[in-house]
Amino acid sequence: MKSLNFEILQLDEGSGTRLLIQLTNPKVIPAVLRPLGVSENDPELRGGGGGAAQLAQLGTDTTIAGSYLLNKVLDHPEIAAQLRAMLQNPDEQCNPIYVTMNAHGVEALPWEAMFASPQAFPGLSDGERFLSLSKWPVGRMIGMADAAPFPFNPPLRVVAILSALDVCAAGEWAAVRQALLQNPALPVEMLLVVGEPNLFTSIKNEAIPGLTVSTVPTDVDELRDAVTAFRPHIVHFFCHGSADGGGRLLVATALDWVNKNSDNTLVLQVDELEALAPPSMDPPWVLVLNCCESSTATPGRLSLAFDLVQGRRFPTVVAMREPVRDADANRFTKAFYQGLVTEVAGRIDGSLSGSWNWPQLMVASRREVAKTSGMALTDAAKSHTNWTLPTM
């Protein structure tokens, strides 16, 4: 697996701050720092109103923001040379592009939308131009990448917490079940924590092998104890989220559903989420926050996802840059876990080896969200930005 890594740094000056960019992998000596020359407030990223964090609601042509951002990256000659070599000589493998973020204001940029325009890359096919829908998916990095989580002894242990008040989780449960619990190639044990009383009863009556189902507890400590006792490889949330106050998840209890209010909702911020992976246990491989605004940076504040990776208890976090529709969230979940199960099963039977390629798991997931009935994928991807919302 080849990869490209560039880093964004912040230079504080008397008149303000500047963003600088340098190539970090493959290494060039001496490293060359150049101005990035981009801001989330640039008109090309605003889509006629709002900031970069509002692209999806505006229904902009994603190629405008995507090509503008990639062209700014290509202004760095060493990065341009490496990226052109990757794109002009593609191999069969997925070759990720990692953006290391060491500056404020970088998170809000829509890196996942980077688009190789025909002017800049005349040799690419239409299906290859959105990098994150092709062989060059974008992953966001903080510091050094962690080692691959293998070997491990099956079964794969998964905790899924599904409860977004007034949003039925049946579609998310169907996606999780089909991807994780119906693949004979990989034994899975799952703890499913559900808020909706009717959905809980329905699932409980199915008596699915390998599944333990419970209701959302009445306080955060009970939830923490249930999760840590299970010692999961994967922790998955489908609930409401907000970027307010540095980011938080809102997990509805059964009382919330019965009373039709959020008086008893569990609020999980960074500290509560980090408590789900205490130092006494091996960190989960990945935390999936299929929740609105879970990777939304606000002025002067980093996102919840960024803080969690920075805290080192969750080496990989999948999250959403903006509010996300439940149908998109469900499609994302199914495709993501289908890819993950295939990856893990292949490493168990020896058909796959080498470094863990996390961004590759996002390609099929983003393509599923990008699809629009009656449109070719490339045209659909241009017409909306919902598929750019999942970050890794």
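Counting from 1, the numbers follow the sequence of the chain as shown.
- The two residues L289 and S294 come nearest to each other via the heavy atoms O-OG, 3.2 Å.
- Proximity of a side-chain donor or acceptor of T63 to a complementary backbone N or O of K382 within less than 3.5 Å is not detected.
- Atoms CG and CD, from N5 and Q22 in turn, are 9.5 Å apart once rounded to the nearest 0.5 Å.
- For T316 (side chain) and V286 (main-chain N/O), no donor-acceptor pair under 3.5 Å exists by modelled atom type.
- Cluster partners of I64, using a side-chain heavy-atom cutoff of under 4.5 Å among ILVMFWY residues and allowing indirect links: none.
- Considering every non-hydrogen atom in both P390 and R366, the closest pair reads O-NH2, 3.1 Å.
- Distance CZ/R331 to CZ/R367: 14.0 Å, rounded to 0.5 Å.
- The side-chain heavy atoms of Q310 and L302, taken from C-beta on, include a pair separated by under 4.5 Å.
- Going from atom OG of S134 over to atom CG of L87 covers 8.0 Å, rounded to the nearest 0.5 Å.
- Judged by distance alone, with hydrogens and angles left aside, the side-chain atoms of N259 form no donor-acceptor pair with the main-chain N or O of N261 at under 3.5 Å.
- Nearest heavy atom pair, residue F238 against residue C168, reads CE2-O, 4.3 Å.
- I21 and V32 are assigned to two separate hydrophobic clusters, defined by single-linkage of ILVMFWY side chains at heavy-atom distances under 4.5 Å.
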Practice task
Kindly indicate, with the supporting measurements, whether the criterion side chain to side chain donor-acceptor pair (under 3.5 Å) is fulfilled by N290 and T333.
Solution key: CA-CA 8 Å; N290 205 1; T333 291; 2.7 Å; yes

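- One finds no salt bridge joining E107 and R321 here, because no Lys/Arg side-chain nitrogen approaches an Asp/Glu carboxylate oxygen to under 4.0 Å.
- The closest donor-acceptor contact from the side chain of D349 to the backbone of S351 lies under 3.5 Å.
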Side-chain atoms of residues 190-210: list all donor-acceptor pairs with protein atoms under 3.5 Å, sequence neighbours left out, distances to 0.1 Å.
from	atom 1	to	atom 2	distance (Å)
E196	OE2	A169	N	2.7
T201	OG1	P197	O	3.1
N205	ND2	T201	O	3.2
E206	OE1	R177	NH1	2.4
E206	OE1	R177	NH2	3.4

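- Between the CZ atom of R18 and the CG atom of L11 there is a distance of 5.5 Å, given to the nearest 0.5 Å.
- Looking only at side-chain heavy atoms (C-beta outward), L23 and L4 come within less than 4.5 Å of each other.
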Problem - Test log, rule side-chain contact (heavy atoms from CB on, under 4.5 Å), inputs W387 and T62 - result: CA-CA 10 Å; W387 60 270; T62 317; 4.0 Å; yes

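- Heavy-atom minimum distance, E7 versus T24: OE1-CG2, 3.5 Å.
- By the rule that hydrophobic residues join a cluster once side-chain heavy atoms approach within less than 4.5 Å of another member, L162 and W257 end up as members of separate clusters.
- Between L9 and A103, the shortest heavy-atom distance links the atoms C-CB, 3.7 Å.
- W111 is not listed as a side-chain neighbour of T388, based on a closest heavy-atom distance of 4.5 Å or more.
- Within the 4.5 Å cutoff, the side chain of R129 has heavy atoms near those of the P118 side chain.
- When hydrophobic clusters are built by joining Ile, Leu, Val, Met, Phe, Trp and Tyr residues whose side-chain heavy atoms come closer than 4.5 Å, directly or via intermediates, L352 is not grouped with W285.
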Exercise for the section: Go through the steps to decide whether L308 and E274 satisfy the test side-chain contact (heavy atoms from CB on, under 4.5 Å), and finish with yes or no. Expected result: CA-CA 7 Å; L308 288 167; E274 287 187 333; 3.9 Å; yes

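- Put simply, the side chain of R313 never gets that close to the backbone of L276: no donor and acceptor are under 3.5 Å apart.
- No continuous path of ILVMFWY side-chain contacts below 4.5 Å connects L70 to V363, so the two sit in separate hydrophobic clusters.
- Residues S39 and L45 share a closest heavy-atom pair of O-CD1, 3.4 Å.
- Linking Ile, Leu, Val, Met, Phe, Trp and Tyr residues whenever their side-chain heavy atoms come within less than 4.5 Å leaves L377 and V369 in two separate clusters.
- Ring centers of H233 and F152: under 6.0 Å apart, within the cut-off.
- By the 4.5 Å heavy-atom criterion applied to side chains, L69 and M114 are counted as neighbours.
- S295 places a side-chain N or O within 3.5 Å of a backbone atom of M320 that can act as its donor or acceptor partner.
- When Y337, F332, F336 are each tested for a ring-ring contact (aromatic ring centres under 6.0 Å, His included) with H236, only one passes: Y337.
- Other residues sharing a hydrophobic cluster with L250 under the 4.5 Å side-chain heavy-atom criterion for ILVMFWY residues are V267.
- For K72 (side chain) and G37 (main-chain N/O), a donor-acceptor pair under 3.5 Å exists by modelled atom type.
- In this structure the side chain of V227 reaches within 4.5 angstrom of the side chain of I161, judged on heavy atoms.
- Between E322 and C292, the closest side-chain pair of non-hydrogen atoms is not below 4.5 Å.
- For the pair D225/E222, no side-chain contact is recorded, criterion being any heavy-atom separation below 4.5 Å from C-beta on.
- In this structure, H240 NE2 and C291 SG are separated by 10.0 Å, a value rounded to the nearest 0.5 Å.
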Practice task
Start with the C-alpha gap between L361 and W356, add the side-chain angles, then the distance that decides, and say whether side-chain contact (heavy atoms from CB on, under 4.5 Å) holds.
Solution key: CA-CA 10 Å; L361 297 180; W356 181 280; 4.1 Å; yes

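- Remark: side-chain polar atoms of N357 are paired, donor with acceptor, to backbone N or O of C94 under 3.5 angstrom.
- Here OG1 of T253 is found 4.5 Å from CG of N264. Values are rounded to the nearest 0.5 Å.
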Exercise for the section: List the steps, then state whether side-chain contact (heavy atoms from CB on, under 4.5 Å) holds for T378 with F130. Expected result: CA-CA 8 Å; T378 50; F130 281 115; 6.0 Å; no

